[in-house]
Amino acid sequence: QVQLVESGGGLVQAGGSLRLSCAASGRTFSSYVMGWFRQAPGKEREFVAVIGWRGGSVDYADSVKGRFTISRDDAKNTVYLEMNSLKPEDTAVYYCAGDPQKYGSSWYVEDDYWGQGTQVTVSS
């Protein structure tokens, strides 16, 4: 099992950048696929990015490709989301997720494998 704590959210102007961090506990962090999801007000939680164990593979939602970069540092048990060229529509609570599973076009994450979320607000 892994416990996740996000940080790095805040208020930024459109075009700006933020870097989110997700610190994980648990000695088996390096064996987990890790992901970032977000939930905007009145909308369902959606996939943002995922990174394989040891950073072997990455994938992004079309809406963030070319602007966001997911990475991990297994020595620090931390996964990052570098967000550039931010847009007002990126405003959401961003959640770190452990071991996300993809089924067709949908994602599943066990209840215990979510962080508490960090707010990102992009002003126009």
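Note that CD1 of Ile70 is 12.0 Å distant from CD of Glu82, once rounded to the nearest 0.5 Å. The CZ atom of Arg38 sits 9.5 Å away from the CG atom of Leu81 when rounded to the nearest 0.5 Å. Here the CG atom belonging to Leu18 is positioned 9.0 Å from the CG atom belonging to Leu11, to the nearest 0.5 angstrom. Rounding to the nearest 0.5 Å places CZ of Phe68 at 4.0 Å from OH of Tyr94. Asn84 contributes atom CG, which lies 10.5 Å from atom CG of Asp90 (distance to the nearest 0.5 angstrom).
Within the structure, disulfide (SG to SG under 2.5 Å) pairs that include any residue of residues 72-124 comprise Cys22-Cys96 (at least two apart or interchain). Residues in residues 43-75 take part in no disulfide (SG to SG under 2.5 Å) pair, two or more places apart or across chains.
When all heavy atoms of Val50 and Val33 are compared, the pair lying nearest together is CG2-CG1, 3.3 Å. Contact detail for Ser124 and Ala14: the closest heavy-atom pair is CA-CB, 4.4 Å. Nearest heavy atom pair, residue Leu86 against residue Met83, reads CD2-CB, 3.8 Å.
Thr118 places a side-chain N or O within donor-acceptor distance of the main-chain N or O of Gly9, the cut-off being under 3.5 Å. Checked by atom type and distance alone, the side chain of Arg45 never pairs as donor or acceptor with a backbone atom of Gln39 at under 3.5 Å. Remark: the backbone N or O of Gly52 is not paired with any side-chain donor or acceptor of Tyr32 at under 3.5 angstrom. Side-chain atoms of Thr91 never come within 3.5 Å of backbone atoms of Glu89 as a donor-acceptor pair (strictly under, hydrogens ignored). Ser25 contributes a side-chain N or O that, together with a main-chain N or O of Gln3, makes up a donor-acceptor pair within less than 3.5 Å. In terms of modelled atom types and a separation under 3.5 Å, the side chain of Gln101 and the main chain of Val109 share no donor-acceptor contact.
Within 6.0 Å of atom CD in Gln116, more than 12 heavy atoms from other residues, nucleotides or ligands are found, so the atom counts as buried in its surroundings. Residue Trp53 qualifies as open at atom CH2: its count of foreign heavy atoms under 6.0 Å is 12 or below.
In this structure, Lys65 pairs ionically with Asp62, as a charged nitrogen and a carboxylate oxygen lie closer than 4.0 Å.
In the model, Asp73 has no side-chain atom that pairs as donor or acceptor with a side-chain atom of Thr78 under 3.5 Å.
Between Phe37 and Trp114, the distance from one ring center to the other falls under 6.0 angstrom.
Hydrophobic clustering (ILVMFWY, side-chain heavy atoms < 4.5 Å, transitive): Phe47 and Val58 are in one cluster.
Looking at heavy atoms from C-beta onward, Glu6 lies in side-chain contact with Tyr95 at the 4.5 angstrom threshold. Taking the side chain as every heavy atom from C-beta outward, Trp36 and Ile51 never approach each other to under 4.5 Å.
A cation-pi arrangement is not found for Arg72 relative to Tyr80, the charged atom failing to lie both closer than 6.0 Å to the ring centre and inside a 45° cone about the ring normal.
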